[in-house]
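Worth saying up front: this structure is predicted, and the values here are computed from it rather than measured.
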Amino acid sequence: MRNAPAHPRFPAGGPFTEVSQAAYSPDGELLATVDVDHTVRLWDVARHRVVATFTGRRESVFSVVFAPDGRTLASAGWDGTVRLRPSRRPLDTLTGHTGDVFSVAFAPDGRTLASAGADRTVRLWYVATHRQLAVLAGHTDYPTMSRSARTAAPWPARATS
């Protein structure tokens, strides 16, 4: 990994980046990581090395998830956008949230993507056309989702007994 920018917990130029989330591809061969230096990295798990680095965000990346078929990677960031990286196509950016986007999750069939943001909404997107299908409003706290998008919890998640 390259050196991270100065951070209160790490010395300037140190060999650390603060990884905020990681997600395995469905086949387990790749690991996507996101960190505070606005970067998504794809790792070859068997060889322990970076095989791709995606940059270009203005703010930190907070969440990443692979589609169930492994062909699309979605990331959410503090710049208020969701980015899709489909294989064999250029980067797609989904806009609609009015604040940071905290999490993304694919439906089990991979055709719908849900994004949860600081605007207290969950937005549903049709992956093939990038069209927004619905805005689920009414949350009283910041929503976030599990990997399967089958459950939702306030952010930050509260401990339950």
Original post:
Which pairs, with at least one residue in residues 97-109 and sequence neighbours excluded, count as a salt bridge (charged side-chain N to carboxylate O under 4.0 Å, His left out)?
Top reply: D109-R111

Original post:
What are the two closest heavy atoms between P68 and G110, and how far apart are they?
Top reply: CD-CA, 3.6 Å

Original post:
Taking all atoms of both residues into account, what is the closest heavy-atom pair of A76 and V101, and its distance?
Top reply: CB-CG1, 3.4 Å

Original post:
Can you name the nearest heavy-atom pair linking V104 to A74, along with the distance?
Top reply: CG2-O, 3.8 Å

Original post:
Roughly how far apart are Y126 OH and L133 CG, rounded to 0.5 Å?
Top reply: 8.5 Å

Subject >> R41 side, atom CZ; F54 side, atom CZ - distance, nearest 0.5 Å >> reply: 11.5 Å

**OP:** Grab the two heavy atoms, one from D79 and one from E59, that are nearest each other, plus how far apart they are.
**Re:** N-CB, 3.6 Å

Original post:
Which value, rounded to the nearest 0.5 Å, describes the distance between L42 atom CG and S25 atom OG?
Top reply: 8.5 Å

Original post:
Rounded to the nearest 0.5 Å, how far does CZ of F102 lie from OG of S63?
Top reply: 11.0 Å

Original post:
What residues form a side-chain contact (heavy atoms from CB on, under 4.5 Å) with E29, not counting sequence neighbours?
Top reply: D27

Subject >> Residue pairs involving residues 123-135 (criterion salt bridge (charged side-chain N to carboxylate O under 4.0 Å, His left out); sequence neighbours excluded) >> reply: D119-R123

Original post:
Side-chain contact, heavy-atom cut-off 4.5 Å: P26 with F66?
Top reply: yes

Original post:
So, the side chain of Q21 versus the backbone of V64: is there a donor-acceptor pair under 3.5 Å, distance only?
Top reply: yes

Original post:
Given side chains that start at C-beta, do those of V51 and L30 come closer than 4.5 Å, heavy atoms only?
Top reply: yes

Original post:
What do the steps show when you test F62 against S103 for side chain to side chain contact (heavy atoms under 4.5 Å, CB included), and what is the final call?
Top reply: CA-CA 7 Å; F62 194 75; S103 60; 5.7 Å; no

Subject >> No-hydrogen, no-angle side-chain donor-acceptor test under 3.5 Å, W43 and T33 >> reply: yes

**OP:** Could you pull out the closest heavy-atom pair between T95 and Q132, with the gap in Å?
**Re:** O-OE1, 4.5 Å

**OP:** For the residue pair F106 and T72, establish whether any side-chain heavy-atom pair is separated by less than 4.5 Å.
**Re:** yes

Subject >> Side chain to side chain, L84 and L113, heavy atoms closer than 4.5 Å >> reply: yes

Original post:
Hey, what do you get for CZ (R49) to CG (D44), rounding to the nearest 0.5 Å?
Top reply: 6.0 Å

Original post:
Looking just at side-chain N and O atoms, do T81 and H97 make a donor-acceptor pair shorter than 3.5 Å?
Top reply: no

Subject >> Close side-chain approach of Y24 to V45, heavy-atom, < 4.5 Å >> reply: yes

**OP:** State, yes or no, whether a side-chain contact exists between S75 and V82 at a heavy-atom distance under 4.5 Å.
**Re:** no

